Amino acid sequence: MNIATPIAKDGKWSAEEVKLRVELAAAYRLTAKLGMDDLIYTHLSARVPGPELHFLLNPYGMMFSEVTASSLIKVDQNGEMVEPDDRWVHNPTGFVLHSAIHRSGDHRVCVFHAHPIHAMAVSSLECGLLPLTVWAQQFYKRVSYHPYEGPPVRLDERDRVLANMGDTQAMLMQNHGVLTTGRTVAEAFILMYYLEKSCEVQLKAQSSGQKLIIPSEEISEYSARLRYSEEQLTANPGALEWQALVRKLDSEDPSYRN
């Protein structure tokens, strides 16, 4: 299905930024459709190509189901809006968490912070995420943790977030929520989807009161390595799932492309 992108016609942004805006807007809409949003709170961001370390965020006050490619706001690493719009501001907690990753300028182009119910619950458990399922195995020793410091509005917390995340792509923010990152919007989104699913199954298994069957360390490590080996081979992790989700979104409501 070839769906036109209206914002590509006005020439306001580069082709690379237009593509990124459309993908990020799609991720917002899909997050709402999958029930992983939180009214006007939480946020996805993507770093705009170029040396300036600018990144795109949702306008604070807009629900995820309303986000469009052209409504995304652009901020710099100091939290200043690059293209001021009197109608909107950005969420200050969104800036702190996302700038923690984006200002590093590394391969993690997209950052997804959310409060999905099951991941929030597991973030509050001392045991953290367990490698119980095929979904959770990919995160074996590849999920990091960050202790709760209250609402993340203090700039000095950025250094601790980045340090605690290390070279992982997924983090459980204890008593708070979850953070995933990716080389693409697709990768960060699919990691969030499977992390939430992993947490959901873990809670259901734990609530049964039965003894849990936890795969051995050898099997868990093998499974995680296999997952990341496949990602290296495809060089575009999450792409197939993402393409299928976007096709479904386009068939239902392509207005996110505006």
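Starting from 1, each residue takes its place in the sequence as its number. Everything numeric in this text was worked out from a predicted model, so none of it was measured.
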What distance do [X] atom [atom1] and [Y] atom [atom2] have between them, rounded to the nearest 0.5 Å?
X	Y	atom1	atom2	result
N258	S255	CG	OG	6.0 Å
F139	C199	CZ	SG	8.5 Å
H102	D76	NE2	CG	12.5 Å
L20	W13	CG	CH2	11.5 Å
R21	T68	CZ	OG1	9.0 Å
T181	H107	OG1	NE2	6.0 Å

In this structure, are over 12 heavy atoms from other groups packed under 6.0 Å from [X] atom [atom1]?
X	atom1	result
E83	CD	yes
L34	CG	yes
Y222	OH	no

Can we say [X] and [Y] salt-bridge, meaning some charged N sits less than 4.0 Å from an Asp/Glu carboxylate O?
X	Y	answer
E252	K33	yes
R103	D159	yes
R154	E149	yes

TODO: Carefully, step by step, assess K74 and E17 under the rule salt bridge (Lys or Arg N to Asp or Glu O under 4.0 Å).
DONE: CA-CA 11 Å; K74 190 189 304 183; E17 182 172 339; 3.1 Å; yes
Can you see whether [X] engages [Y] through a side-chain donor-acceptor pair at a distance of less than 3.5 angstrom?
X	Y	value
H146	E157	yes
R29	S65	no
H115	H176	yes
H43	N58	no
Q77	E52	no

- [ ] Determine, stepwise, if the pair L132 / V201 fulfils side-chain contact (heavy atoms from CB on, under 4.5 Å).
- [x] CA-CA 8 Å; L132 288 178; V201 174; 5.8 Å; no
TODO: Output every pair passing ring pair (Phe, Tyr, Trp, His ring centres under 6.0 Å) with a member in residues 20-41, not counting sequence neighbours, ordered by first then second residue.
DONE: Y28-F64
- [ ] Begin with the C-alpha distance, continue with both residues' side-chain angles, and end with the deciding distance and a verdict on side-chain contact (heavy atoms from CB on, under 4.5 Å) for R108 and R47.
- [x] CA-CA 9 Å; R108 292 175 286 199; R47 191 167 66 242; 5.6 Å; no
Task: Check: S220 side chain, E217 main-chain N or O, donor-acceptor pair, under 3.5 Å - done: no
- [ ] Kindly say whether R183 contributes a backbone atom to a donor-acceptor pair with the side chain of E187 at under 3.5 angstrom?
- [x]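 Side chain of E187 to backbone of R183, a donor-acceptor pair under 3.5 Å: yes, one is there.
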Task: Check against side-chain contact (heavy atoms from CB on, under 4.5 Å), Y140 and E221 - done: CA-CA 7 Å; Y140 181 69; E221 179 61 27; 3.7 Å; yes
Open item on the list: If I compare all heavy atoms of Q206 with all of C127, which pair ends up nearest, and what's the gap?
Closed with: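 Closest pair (atom of Q206, atom of C127, distance): NE2-SG, 3.7 Å.
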